[in-house]
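Order of the sequence lines fixes the chain letters, A, B, ..., with proteins taken first and strands second; residue numbering starts at 1 for each chain. Atom set for the values below is all heavy atoms of this structure, side chains included, hydrogens, waters and symmetry mates excluded. The structure presented is a predicted model; accordingly, all values stated were derived computationally and were not measured.
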Amino acid sequence: MSPHTFILTLFLILAAIGAAFFIHLYRVSCSTEGPGLKKVGAKRLFTLVLLLAVFLILLSVTLPKSPYYRFTDVVPEKTVHVTAMQYTYMMSYDAFKPDMSDYKPPEGGVITLPAGKPVEFRVTSADVNHGFAIYNDKFELVTQTQAMPHYVNRLRWQFDKPGTYTLLCLEFCSSGHPAMRGMFTVK
Amino acid sequence: MPTLAFKRITSLWIIVVLVLFLSAISMGILMRFAQGSVSPMDPAKFYVLMTTHGVTMIGAWAAASILACNYLMARYVKVSTGLNLFALIGTGVGVALLWTSTFSGNFHAGWTFLYPLPFKAGGGWQAAAANQFLWGLMLLSIVWLIWCLGMVWQILQKYSLPQAFAWQHLSKKEPAVETPPLILITMVSLVGMIVCFITAIILLAMFFSESGWGLSGKPVLEAKLDPLLMKNLTFFFGHTVANEALYLGLAVVYELLPELGGRPKLHTSWYVSLGWNCAVLFILTAFFHHLYMDFVQPQGFQIVGQVASYLASVPSVVVTLISLAAVLYGRGFRWSLPSLMFLVGAAGWIIGGIGALIDATISNNIILHNTLWVPAHFHTYNLMGNVLFALGFFCWVADDFRGTVDPRKHGLKLVLMIIGGFGFVLMFYLGGAYSVPRRFAFYPAELTHAQLFATMGAWFALVYSLGLLLVVLNVLKKCFLVFLPQRS
């Protein structure tokens with residue numbers, strides 16, 4: 001199951017449980033006879049302990065998977081410098097100034113990255129906030145970071161599947177926003 | 001008890017909120033049809049609608065929540081007609097500035113207007129339109145800051161500061177002065193609102209430091225402010241105002257739900273006091289989850305964002321949900337349209353909260369950030385949560401103006417809103433889970449499923465609007481009647 005499907009399934013199950021709880025509440029509230037909710041204090045305590053336990057487990061499981069901690073102990077095989085601007089991405093293996101004066105395009109015009117090896121994107125912006133979202137050939141969002149003027153976000157990732165990857169901007173950057181895209185290949 | 005003048009100003013506010021809501025929902029439906037390629041739209045026009053829709057919706061329902069709490073506060077403290085009139089006039093001028101900046105000036109940087117986008121239009125709008133939009137927000141922030149401060153002042157005329165926060169309930173089971181839940185929740189939510197309006201004023205002043213303080217503005221050639229700081233301030237303001245509005249809506253539910261069903265009033269206890277005081281602290285720090293994908297943000301803030309987002313839900317569930325269950329459980333509750341709206345609204349609030357918690361988990365956010373999952377969860381707890389809390393209040397108060405009660409459930413209207421509303425947000429969730437970006441005026445050819453979700457979403461929104469319209473027409477009719485000469 002892909003992470004996208006897992007997230008949707010998890011949400012639908014939890015939402016259904018939530019909806020069932022409220023439907024149950026409505027049904028019992030309509031009964032003419034009934035004892036009312038008993039042991040309310042104990043129920044509160046149980047819910048509190050349960051929620052805190054679930055959150056503690058979730059934090060300990062999910063935080064280490066945060067992008068800030070992934071591939072931090074390896075040397076990236078390749079580094080790609082990215083400057084986003086309304087409405088394109090300029091990419092190079094060599095660092096370049098925001099005004100593009102020393103920009104060196106990649107050979108063949110396309111960035112090519114090795115499959116199965118960690119790589120690093122150093123992402124900034126020449127004008128406004130942009131997104132730097134990487135989509136695979138099925139157009140599933142793989143990973144992302146933001147492109148912010150004056151700052152460089154370092155995104156490390158390892159692409160296991162060769163192919164063409166598409167870049168979309170996920171931070172609204174004015175009317176050309178949906179047309180802003182880029183690409184690179186993984187071999 | 002509210003005076004006739006207070007009822008009239010409340011009535012006027014309700015009319016304004018509903019007209020704004022109907023306008024904004026129409027814009028939303030047009031946008032979803034455009035995304036579905038049913039009625040394609042020029043991107044600049046799409047983003048004009050998107051900006052106006054966002055700022056109008058957030059503002060209208062925040063105002064509705066404040067208004068509802070103020071009306072109900074009249075049961076406990078002295079309230080002011082003049083203050084609400086001042087807020088209404090100020091809001092009218094603010095909205096006029098915002099709408100003319102978008103519809104006439106073509107400003108379309110989104111309601112989040114992330115720095116330095118208002119100054120980097122790429123030819124989309126002039127500096128004057130950007131400054132007009134920012135001045136519209138500045139005026140609203142100042143007016144609403146005064147509105148909220150005025151309400152806090154009204155509370156403090158009767159309750160001391162610790163009593164307003166219900167701190168006496170933390171140490172004593174039956175203190176000499178009981179703080180009603182409505183006062184407690186209103187007070188803590190207003191404090192949050194006040195903090196976020198002050199933040200908005202600072203944020204906007206920083207914008208003006210570059211563009212000039214005049215209404216016409218000047219072109220900004222080089223953006224010199226710190227974009228990360230500006231982004232933090234923007235989301236602190238935007239996230240907080242949306243969440244505090246929801247909490248104010250819950251204050252209304254605490255006050256009215258037992259009464260409508262023929263149950264005893266809810267009382268403040270130590271855990272209600274503790275829960276609501278904690279909720280405000282958590283919600284003020286949860287906004288960091290909007291910046292998870294800015295890796296240059298200090299990592300401590302990112303962790304705080306996830307922890308605070310989780311913890312913010314604890315008081316909601318442990319205190320509010322179980323209190324509601326205790327009110328409703330098993331003794332012939334008398335249902336009517338307002339109380340049913342409160343119940344469905346609570347369900348929307350919880351389901352939207354589940355979507356929000358999934359998104360607030362950093363490892364999920366990397367594939368959900370700025371996809372349709374974001375509008376999915378906030379539409380769930382606004383459209384199917386806060387809007388229903390406020391609409392429930394509107395239905396109730398429209399009868400309360402005349403001292404009557406409508407015991408009918410109006411089941412069909414609500415069923416249309418439930419099917420339409422949850423169907424509408426489900427299309428957002430499907431889009432978000434399958435990587436469809438938010439804020440795209442049109443979708444790339446590869447995202448064909450996105451068009452289907454958009455079109456289906458628009459149709460569901462039309463079903464919701466039909467149910468809504470039936471409710472709104474009834475409320476509006478009763479609101480207009482308040483202005484007729486009253487029999488003594």
Side-chain angles (χ1 to χ4, degrees), chain A residues 3-5 7-8 10-11 14-15 18-19 22 25-26 28-32 34-37 40 43-44 47-48 51-52 55 58-59 62-63 65-68 86 127-129 131 135 139-141 143-146 148-155 168 170-178, chain B residues 43-44 47 108 110 114 116-117 120-122 124 223 226-228 231 271 293-296 299 302-303 306-307 310 314 317-318 322 325-326 328-333 343 346-347 350-351 354-355 358 361-364 366-371 429-430 433-435 437 439-442 446-447:
Chain A
H4 305 84
T5 307
I7 284 173
L8 181 64
L10 175 70
F11 169 74
L14 292 176
F22 282 95
L25 266 188
Y26 177 72
V28 295
S29 73
C30 290
S31 64
T32 50
L37 194 63
V40 176
K43 285 185 171 64
R44 276 188 214 281
T47 314
L48 176 67
L51 269 183
L52 291 179
F55 287 156
L58 279 176
L59 286 169
T62 63
L63 280 179
K65 294 180 179 173
S66 301
Y68 331 119
Q86 289 167 323
D127 41 41
V128 300
N129 286 282
Y135 282 72
F139 244 70
E140 293 167 331
L141 180 49
T143 187
Q144 64 170 306
T145 187
Q146 292 262 302
M148 181 181 275
H150 307 335
Y151 286 94
V152 177
N153 282 319
R154 295 184 179 210
L155 169 65
L168 292 182
L170 293 195
E171 189 61 74
F172 178 61
C173 58
S174 200
S175 54
H177 171 61
Chain B
Y47 292 120
H108 54 265
L114 282 182
L117 182 55
K120 303 274 183 184
D226 184 336
L228 185 60
K231 199 170 187 180
Y271 51 80
M293 293 302 110
D294 292 284
F295 299 171
V296 286
Q299 283 180 12
Q302 312 286 30
I303 308 302
Q306 183 166 337
V307 173
Y310 284 4
V314 173
V317 174
V318 174
I322 294 185
L328 297 176
Y329 220 84
R331 277 171 293 170
F333 191 88
L343 181 75
I350 292 295
I351 293 170
I354 292 167
I358 289 174
T361 304
I362 301 169
S363 56
N364 293 335
I366 201 156
I367 55 170
L368 295 177
H369 187 79
N370 279 349
T371 66
Y429 283 111
L430 290 172
Y434 292 108
S435 307
R439 295 178 158 176
F440 267 36
F442 56 86
E446 297 91 338
L447 287 170

Name the member of B/Glu446, B/Lys120, B/Gln302 that forms the most heavy-atom pairs with chain A at distances under 4.5 Å.
B/Glu446
Most chain B-contacting option - heavy-atom pairs closer than 4.5 Å, from A/His4, A/Gln144, A/Glu140, A/Met148
A/Gln144
Max heavy-atom pair count under 4.5 Å with chain A, selected residue of B/Ala347, B/Gly124, B/Ala121, B/Ala346
B/Ala347
Would you say the side chains of B/Asn370 and A/Glu171 form a donor-acceptor pair under 3.5 Å?
yes
Below 4.5 Å from any heavy atom of chain B, which atoms of A/Leu48 appear? Answer side chain, backbone, both or neither.
both
Report yes or no: does A/Thr145 contribute a side-chain atom to a donor-acceptor pair with the main-chain N or O of B/Met293 at less than 3.5 Å?
yes
Residue, of A/Tyr151, A/Phe139, A/Phe11, that accumulates the most heavy atom pairs under 4.5 Å with chain B:
A/Phe11
Calculate, to the nearest 0.5 Å, the distance between atoms CD1 and OG1 belonging to B/Ile366 and A/Thr143 respectively.
3.0 Å
Cut-off 4.5 Å, heavy atoms of chain B, and the answer for A/Leu168 is side chain
With respect to chain A, which residue among B/Ile367, B/Leu447, B/Ile351 yields the maximal number of heavy-atom pairs within a distance under 4.5 Å?
B/Ile367
Show the numbers, then the answer: is there a side-chain hydrogen bond (donor to acceptor under 3.5 Å, both in side chains) between B/Tyr434 and B/Thr371?
CA-CA 9 Å; B/Tyr434 292 108; B/Thr371 66; over 6 Å; no
Mind checking whether B/His108 and B/Tyr47 have parallel, tilted or perpendicular rings, split at 30° and 60°?
parallel
Could you have a look at B/Ala325, B/Gly110, B/Ala441 and say which one has the most heavy-atom pairs with chain A under 4.5 angstrom?
B/Ala325
May I ask you to name which of B/Val307, B/Val296, B/Leu368, B/Val317 has the most heavy-atom pairs under 4.5 Å with chain A?
B/Val296
Of the listed residues (B/Thr361, B/Ile350, B/Ile358), which shares the most heavy-atom pairs with chain A below a 4.5 Å separation?
B/Ile358
Using 30° and 60° as the class boundaries, would you call the ring planes of A/Phe55 and B/Tyr310 parallel, tilted or perpendicular?
parallel
Atom of A/Gln86, atom of A/Ser174 and distance for their closest heavy-atom approach:
NE2-CB, 3.9 Å
Max heavy-atom pairs within cutoff under 4.5 Å with chain B, candidates A/Leu52, A/Leu63, A/Leu10, goes to A/Leu63
With respect to chain B, which residue among A/Leu59, A/Asp127, A/Leu58 yields the maximal number of heavy-atom pairs within a distance under 4.5 Å?
A/Leu59
What verdict does the side-chain hydrogen bond (donor to acceptor under 3.5 Å, both in side chains) test give for A/Thr62 and B/Gln306, after you've listed the backbone C-alpha separation in whole Å, the side-chain angles of each residue and the deciding distance to 0.1 Å?
CA-CA 10 Å; A/Thr62 63; B/Gln306 183 166 337; 3.0 Å; yes
